[in-house]
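Below is one structure, written out as structure tokens; comments come after it.
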Amino acid sequence: MQLALVPWEEAFIPSVARYADNPRIAANLRDVFPWPYAEEDAAWFVRDCMARDGQNALFRAITADGACVGSISVAVGTDVYRRSGELGYWLAEPFWGRGIMTWAVEEICREAFAAFDIVRIFAEPYAYNTGSRRVLEKAGFTLEGVLRRSVLKNGRMHDSCIYALLREE
């Protein structure tokens, strides 16, 4: 399988609409990621990624054999957080468990550290999302803490985790 992180393009909208319309993906993301996920949601998302890429952020489509199968980004913080970047990602369920996301996390972190004057990249998966936590650990991130009852998702309070990768790691 040929993997790549590529800039977003409108041609990816149908594939984002198809793969993102999955309650198992939405359950692990912030509420800004809707479910059900319509073609209009995909169009807004892709165009937003295209518009914001390079503006203190990297937004990339994850492709497998040329088809868009997910998304990954690093956005640099502001104010006292201006030396940190926040990592976010999702992957189409048929591609889970193949090492694709670990590869994508490693790639975008290298790119972000080269592009921005940041010293750390962090991610905040929900504690119950063991797959995402495993991805971060395999990519060299360190669990810095568990934030107890820190998120409200689908009507329930959940713990979240804070993971980080420092430039020198």
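The model shown is predicted, which means the values in this text are computed figures rather than measured ones. These numbers come from the heavy atoms of this one structure, side chains and all, not from hydrogens, waters or symmetry mates.
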- [ ] List the steps and the verdict of side-chain contact (heavy atoms from CB on, under 4.5 Å) for C161 and R133.
- [x] CA-CA 8 Å; C161 300; R133 294 178 65 183; 3.5 Å; yes
Open item on the list: Between V105 and V135, is the side-chain contact (heavy atoms from CB on, under 4.5 Å) condition met? List the steps.
Closed with: CA-CA 8 Å; V105 166; V135 162; 3.9 Å; yes
Task: Test log, rule side-chain contact (heavy atoms from CB on, under 4.5 Å), inputs E107 and R60 - done: CA-CA 11 Å; E107 287 294 309; R60 298 291 180 262; over 6 Å; no
TODO: Given side chain to side chain donor-acceptor pair (under 3.5 Å), test Q2 with D65 step by step and report yes or no.
DONE: CA-CA 5 Å; Q2 183 66 36; D65 297 330; over 6 Å; no
Task: Test log, rule salt bridge (charged side-chain N to carboxylate O under 4.0 Å, His left out), inputs E106 and K138 - done: CA-CA 9 Å; E106 292 170 345; K138 286 171 37 181; over 6 Å; no
TODO: Take L91 and V69 through the side-chain contact (heavy atoms from CB on, under 4.5 Å) test and state the conclusion after the steps.
DONE: CA-CA 6 Å; L91 186 67; V69 298; 3.9 Å; yes
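Within the model, atoms CG of N28 and CG of N129 stand 3.5 Å from one another, a figure rounded to the nearest 0.5 Å. Separating the CE atom in M157 from the OG atom in S150 is a distance of 6.5 Å, to the nearest 0.5 Å. To the nearest 0.5 Å, the span separating CE on M101 from CD1 on I72 amounts to 5.5 Å. Separating the CG atom in L166 from the CZ atom in F122 is a distance of 12.5 Å, to the nearest 0.5 Å. To the nearest 0.5 Å, atoms CH2 (W35) and CG (N22) are separated by 8.5 Å. The distance from atom CD of E86 to atom OG of S73, rounded to the nearest 0.5 Å, is 8.0 Å.
Within the 3.5 Å criterion, the main-chain N or O of Y81 finds no donor-acceptor partner in the side chain of D79. A donor-acceptor pair under 3.5 Å is formed between the side chain of R98 and the backbone N or O of P94. For S15 (side chain) and C68 (main-chain N/O), a donor-acceptor pair under 3.5 Å exists by modelled atom type. For D41 (side chain) and A38 (main-chain N/O), a donor-acceptor pair under 3.5 Å exists by modelled atom type. Under the 3.5 Å distance criterion, the side-chain polar atoms of R83 are matched with a main-chain donor or acceptor of D117. R167 contributes a side-chain N or O that, together with a main-chain N or O of F113, makes up a donor-acceptor pair within less than 3.5 Å. Side-chain N or O atoms of D159 include one that pairs as donor or acceptor with a backbone N or O of R149 at under 3.5 Å. A distance-only check finds a donor-acceptor pair linking the side chain of Y126 to the backbone of L29 [under 3.5 Å].
The heavy-atom pair separating A75 from A57 by the smallest distance is CA-CB, 3.9 Å. Pairing each heavy atom of E144 with each of A164, the nearest pair is OE2-CB, 3.4 Å. Nearest heavy-atom pair across P34 and V32 is CD-O, 3.2 Å. Smallest separation of non-hydrogen atoms from I25 and E93: CD1-N, 4.1 Å. When all heavy atoms of Y37 and V16 are compared, the closest pair comes out as OH-CG1, 3.8 Å. Residue A64 comes nearest to L3 through the heavy atom pair CB-CD2, 3.9 Å, listed as atom of the first residue, atom of the second, then distance.
When side chains are defined from C-beta on, L87 does not count as touching Y163, because their heavy atoms never get closer than 4.5 Å. Annotation: side chain of M1 is in contact with side chain of I100 (closest heavy-atom distance under 4.5 Å). Side-chain contact between E39 and P14 is present, with at least one heavy-atom pair separated by less than 4.5 Å.
No single ILVMFWY cluster, assembled from side-chain heavy atoms under 4.5 Å apart, contains both I162 and V151. L5 and W96 fall within a single hydrophobic cluster, where Ile, Leu, Val, Met, Phe, Trp and Tyr are joined by side-chain heavy atoms under 4.5 Å apart, directly or via other members. Y128 and L143 end up in different hydrophobic clusters when Ile, Leu, Val, Met, Phe, Trp and Tyr side chains are linked at under 4.5 Å. Put simply, L136 and L147 are part of two different groups of oily side chains (I, L, V, M, F, W, Y) that touch within less than 4.5 Å, one to the next. Cluster membership check: V74 does not share its hydrophobic cluster with V119, using side-chain heavy-atom separations under 4.5 Å among Ile, Leu, Val, Met, Phe, Trp and Tyr.
Aromatic ring centres of W90 and Y19: separated by at least 6.0 Å.
Contact check on R120 versus E169 returns no salt bridge, with no Lys/Arg side-chain nitrogen under 4.0 Å from an Asp/Glu carboxylate oxygen. Using a 4.0 Å cut-off between a side-chain N of Lys or Arg and a carboxylate O of Asp or Glu, E137 and R134 do not qualify as a salt bridge.
Residue-environment remark: CZ (R24) stays at or below the threshold of 12 foreign heavy atoms within 6.0 Å.
Between W8 and F12, the ring-plane angle classifies as perpendicular under the 30° and 60° cut-offs.
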